[in-house]
Amino acid sequence: MSPRVGVIMGSKSDWATMCHTAETLDTLGIEHEIKVVSAHRTPDLLFDYAENAAERGLEVIIAGAGGAAHLPGMAAAKTCLPVLGVPVQSSMLSGVDSLLSIVQMPAGIPTGTLAIGRAGAINAALLAAAMLGNKYPEVREALEQYRSEQTRRVLDHPDPSQDD
């Protein structure tokens, strides 16, 4: 099966955050591809990637970026697929700079923006699953099971002082 989700990031160092997206997609059984695509160092690669994503079978792009964080917005500018931006936590401004860069896209080029870091990376995968679940019953079922298990873990251990 070809990948339905593209997971891209601006540099290898972003993998520390974006690995959580990939792990969550794996847990849900969603085929995906992973690639470093820099908006600043490889703009032609980015444009080609985004312009041809739908043709290659992708249905959602999840783009993680730190610093100036142009990757999600530039990808969104080159495709009509949904693009979900994950701000990578930076050492300089803790990812707030990335968050603001991604969330402030001009009207007409929507880019879904998630939380900074690990939480955003996981939620991007879950949001992609929710989008895909409207078309693929097996994805909706996997997402429902994920959420049910999440609820069960909380209910099974309501008193944190009793955890081993």
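These numbers come from a predicted model, not from an experiment.
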Donor-acceptor under 3.5 Å ([X] side chain, [Y] main chain):
X	Y	result
H157	L155	no
Q145	E141	no
R41	G10	yes
T24	A125	no
T113	T111	yes
S148	E144	no

Shortest non-hydrogen separation from [X] to [Y] and the atoms involved:
X	Y	result
A128	L84	N-CD1, 3.9 Å
V86	A115	CG1-O, 4.3 Å
A63	P72	O-CG, 3.5 Å
L58	Y49	CD1-OH, 3.4 Å
E59	P82	O-CD, 3.2 Å
I109	G73	CG2-O, 4.1 Å

Are there over 12 heavy-atom neighbours, none belonging to R56, within less than 6.0 Å of that residue's CZ?
yes

Rounded to the nearest 0.5 Å, how far apart are [atom1] of [X] and [atom2] of [Y]?
X	Y	atom1	atom2	result
T21	I8	OG1	CD1	11.5 Å
H40	H70	NE2	NE2	4.5 Å
K35	M9	NZ	CE	11.0 Å
I116	S98	CD1	OG	7.5 Å
L143	R140	CG	CZ	8.0 Å
I122	E23	CD1	CD	8.0 Å

Sequence neighbours excluded - side-chain hydrogen bond (donor to acceptor under 3.5 Å, both in side chains) pairs with any residue from residues 3-19
R4-E138, S11-S13

Which pairs, with at least one residue in residues 75-86 and sequence neighbours excluded, count as a side-chain hydrogen bond (donor to acceptor under 3.5 Å, both in side chains)?
E51-K78

Are [X] and [Y] connected, step by step, through hydrophobic side chains (Ile, Leu, Val, Met, Phe, Trp, Tyr) whose heavy atoms are closer than 4.5 Å?
X	Y	result
F47	I62	no
V83	I102	no
I61	I34	no
M74	L45	yes
L28	L127	yes

Going by heavy atoms in the side chains, are D26 and H32 under 4.5 Å from each other?
yes

State, yes or no, whether a side-chain contact exists between L132 and V5 at a heavy-atom distance under 4.5 Å.
yes

Could you go through the side chain to side chain contact (heavy atoms under 4.5 Å, CB included) check for R153 and D156 one step at a time?
CA-CA 5 Å; R153 283 191 306 271; D156 286 350; 5.9 Å; no

